[in-house]
Structure formats: C-alpha cells, structure tokens
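See structure below.
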Amino acid sequence: MVVCDHVEGVVSTPAGPYYGPLAHGFACGAHIPVHVSGPWNALEDPVRDYQENRESLADSWGVSTAEDWQRQVDYLLAGLNIGTEVDAALNVRRQLVRQHGGYDLAAWPAAVGAWARRHNGGDSEEMVASVDVITRYEARFRADGILAPNGIVNSVFGYDFGRAVNMARWGYGGRFCDYRAAEAIVLRAGELCRQHYTSWADFSAGYALGRVIRFDNEEYGHMYVSVRGPHHLLMTDRTSPWWHIPFS
C-alpha cells in the first residue's frame, strides 16, 4: 500500500487566539486540524457543524450524550484513554537517565520488569514487551526526523492531552458544552502538556508515539503518516503556531 503524508498547510482563523495560554492550548491540539486542513485556533461552529460533529463523535468515540462526552474528556485529561502502562515504562527510563546520566538499552527492560512486579503484582510481560515496541518506533522516528538522532520520547500522555483539545472543539460544535467549558478544557490540556514536556518537539514526539502505539500496530501505514506529516509541518512551517508561541 502506498501512503502519503502530504498536508496542505497550517490554517488559522483571524477570530481565534494567536498568543497567550488559550492559543498555547489550541496549539497542543494542532496535529488533527493540520491533518484535515482545518484552523488550529478555533472551535467547531455549533450552528453549521452541529449534526456533523455529533455523527462523528458517535461513530469514532461512541459519544451520543453530553455525559458520554464529559466522560471521554475526563479520561483524556487524566491520560487514561491510551493507558498508563507505556508511560510507566518511559518513566522508568527517565529515572535511569536521571540516575546514571543515560541508560543502557539492555538494562531498561529489566528495570521495567522489576517496576511492574513491584506495582502490578507480578504481571510484567506486557510492560516489558512495550519496551521493544517503543524502541522500534523511536528508531523509525529518528530516521524520519520526528526525533533527533539521539532523541527519546519522554511521555505519551501528550496524545491524550492533544485529543482533549479536539474533544473540546467537537463537543462545543456538537452542542455538548458551552464555549466557556470548551475553553477551560483547552487551557487545562495546555497546562498538562507544559507539566510533562519541555518543548514543542518533545511534545510532538510524545503525541506521535501515543498515536502509533494506540492505532498503528507497527504497520507504518495511514496512522503513522497521519501524524508524521503534521509533525513536520508544525515544526518547520513559519505559519505554524509552534514558531511564535513559546512552549513554556
């Protein structure tokens, strides 16, 4: 199968924010609107897009009520939609880096297994297996320029936080919340991203790894290129909000 990661450009709206905390939060959710050539700094129109947003949320998320929508928002902001096991494995590696000024690739699985046995009552196989998956994706990320030559991913929670921004966008467009509630979600997602990442590049690599682990199954197909293209555009195009909005 031939896949293409071409995206048209970074679209914005004059009515949306370009600077400040709200713009930062919107920029944390920019991968999806860039992929579909929509404005990164706007919510969906609850008049024009009402039915379309509801149908999309029902098809993709099983969301058909305001309660369903709020439940998904809460999961995403808690980093629970993608699950915590992968991030726990990355946290073990972060600890190895802090303690030793780096990490031994061979030592990381053993450290993850020991952590899992302490915290999961002996069930460590799935977490240890995730180390191999992460390692292979990171190698591909380096080859494709998503990571620096010696770069690593620090957290995958950014994928859930970035999707929370879009859940706010769609929830407002589907009339599941008012503007103030959607804005609060965007701001909270931006705060959480600043807590877990140090730069746009750091955040984007984490977002990308979360997406491909959740959906790609190491196929390097549509789900992979649908995040690779927006990553490169957001990192390199001068119209990208990542060029004029400080991450922290």
Determine the interplanar angle of the F203 and W200 rings, folded into 0 to 90°, and report it as parallel if under 30°, tilted if 30 to 60°, perpendicular if over 60°.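 Judged by the thresholds at 30° and 60°, the geometry between F203 and W200 is perpendicular.
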Give a yes or no answer on whether the side chain of [X] reaches the backbone of [Y] with a donor-acceptor pair at less than 3.5 Å.
X: D45; Y: V47; result: yes
X: D144; Y: I146; result: no
X: N81; Y: Y75; result: no
X: R142; Y: G151; result: yes
X: D178; Y: A181; result: yes
X: W242; Y: A27; result: yes
X: R163; Y: L76; result: no
X: T135; Y: V131; result: yes
X: Y197; Y: G158; result: yes
X: W61; Y: Q72; result: no

After noting the C-alpha distance and the side-chain angles of Y207 and H231, does the key distance pass the side-chain contact (heavy atoms from CB on, under 4.5 Å) rule? CA-CA 9 Å; Y207 180 99; H231 167 85; over 6 Å; no
I want to check something: taking the side chain as every heavy atom from C-beta on, are [X] and [Y] in contact at a cut-off of under 4.5 Å?
X: I134; Y: I213; result: yes
X: Y179; Y: L43; result: yes
X: V10; Y: P241; result: yes
X: S155; Y: N91; result: no
X: L90; Y: W108; result: yes
X: V133; Y: R136; result: yes

Can R211 be said to sit on top of Y159's aromatic six-ring, NZ or CZ under 6.0 Å from centre and within 45° of the ring axis? no
Taking the six-membered ring of Y224 as reference, does the NZ or CZ atom of R140 fall below 6.0 Å from its centre and within a 45° cone about the axis? yes
Full working for side-chain contact (heavy atoms from CB on, under 4.5 Å) between D216 and Y137: CA-CA 10 Å; D216 184 59; Y137 269 121; 2.5 Å; yes
Could you grab the distance from atom [atom1] of [X] to atom [atom2] of [Y], nearest 0.5 Å is fine?
X: H244; Y: Y18; atom1: NE2; atom2: OH; value: 7.5 Å
X: I152; Y: L147; atom1: CD1; atom2: CG; value: 9.0 Å
X: N53; Y: W69; atom1: CG; atom2: CH2; value: 12.0 Å
X: F26; Y: N166; atom1: CZ; atom2: CG; value: 9.5 Å
X: L22; Y: E183; atom1: CG; atom2: CD; value: 5.0 Å
X: Q51; Y: R54; atom1: CD; atom2: CZ; value: 7.5 Å

Looking at [X] and [Y], what are the two nearest heavy atoms and their distance?
X: H35; Y: P230; value: CB-CG, 3.9 Å
X: V227; Y: V212; value: CG1-CG1, 4.3 Å
X: G79; Y: T84; value: O-CG2, 4.2 Å
X: V156; Y: D87; value: N-OD1, 2.6 Å
X: W243; Y: L234; value: CD1-O, 3.9 Å
X: W40; Y: P17; value: CH2-O, 3.5 Å

Applying a strict under-4.5 Å side-chain criterion to I, L, V, M, F, W and Y, I'd like to know whether M127 and V97 cluster together.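 Yes; tracing contacts between hydrophobic side chains, which count when under 4.5 Å, links both residues.
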In terms of hydrophobic clustering (I, L, V, M, F, W, Y; side-chain heavy atoms under 4.5 Å; direct or indirect links), are V34 and V11 co-clustered?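 In one cluster: no.
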Please test Y172 against I185 for side-chain contact (heavy atoms from CB on, under 4.5 Å), starting from the C-alpha separation and ending with a verdict. CA-CA 11 Å; Y172 177 70; I185 293 165; over 6 Å; no
So does D59 have more than 12 non-hydrogen atoms from other groups sitting under 6.0 Å from CG?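 Enclosed: over 12 neighbouring heavy atoms sit under 6.0 Å from CG of D59.
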Within 6.0 Å of CZ in R98, more than 12 heavy atoms from elsewhere: yes
Distance flag, aromatic centroids of Y19 and H24, threshold under 6.0 Å: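 Between Y19 and H24, which both carry aromatic rings, the centre distance is not below 6.0 Å.
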[X] with [Y]: basic N within carboxylate O range, under 4.0 Å:
X: R71; Y: D74; result: no
X: R194; Y: E191; result: no
X: E125; Y: R117; result: no

Mind running ring pair (Phe, Tyr, Trp, His ring centres under 6.0 Å) on H196 and F161 for me, showing each step along the way? CA-CA 10 Å; H196 286 80; F161 303 154; 5.4 Å; yes
Just do the ring pair (Phe, Tyr, Trp, His ring centres under 6.0 Å) check on F176 and Y50 with the steps written out, would you? CA-CA 10 Å; F176 286 138; Y50 156 64; 8.4 Å; no
Can a donor-acceptor pair be found between the side chains of T65 and D68 at a distance below 3.5 Å?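 The criterion, which ignores hydrogens and geometry beyond distance, is satisfied for D68 and T65.
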Report the C-alpha distance between S226 and H31 in whole Å, list the side-chain angles of each, state the deciding distance to 0.1 Å, and finish with yes or no for side chain to side chain donor-acceptor pair (under 3.5 Å). CA-CA 9 Å; S226 69; H31 288 87; over 6 Å; no
Working note: R214 + E85, criterion salt bridge (charged side-chain N to carboxylate O under 4.0 Å, His left out); need CA distance, chi angles, decisive distance, verdict. CA-CA 12 Å; R214 178 71 173 83; E85 293 80 7; over 6 Å; no
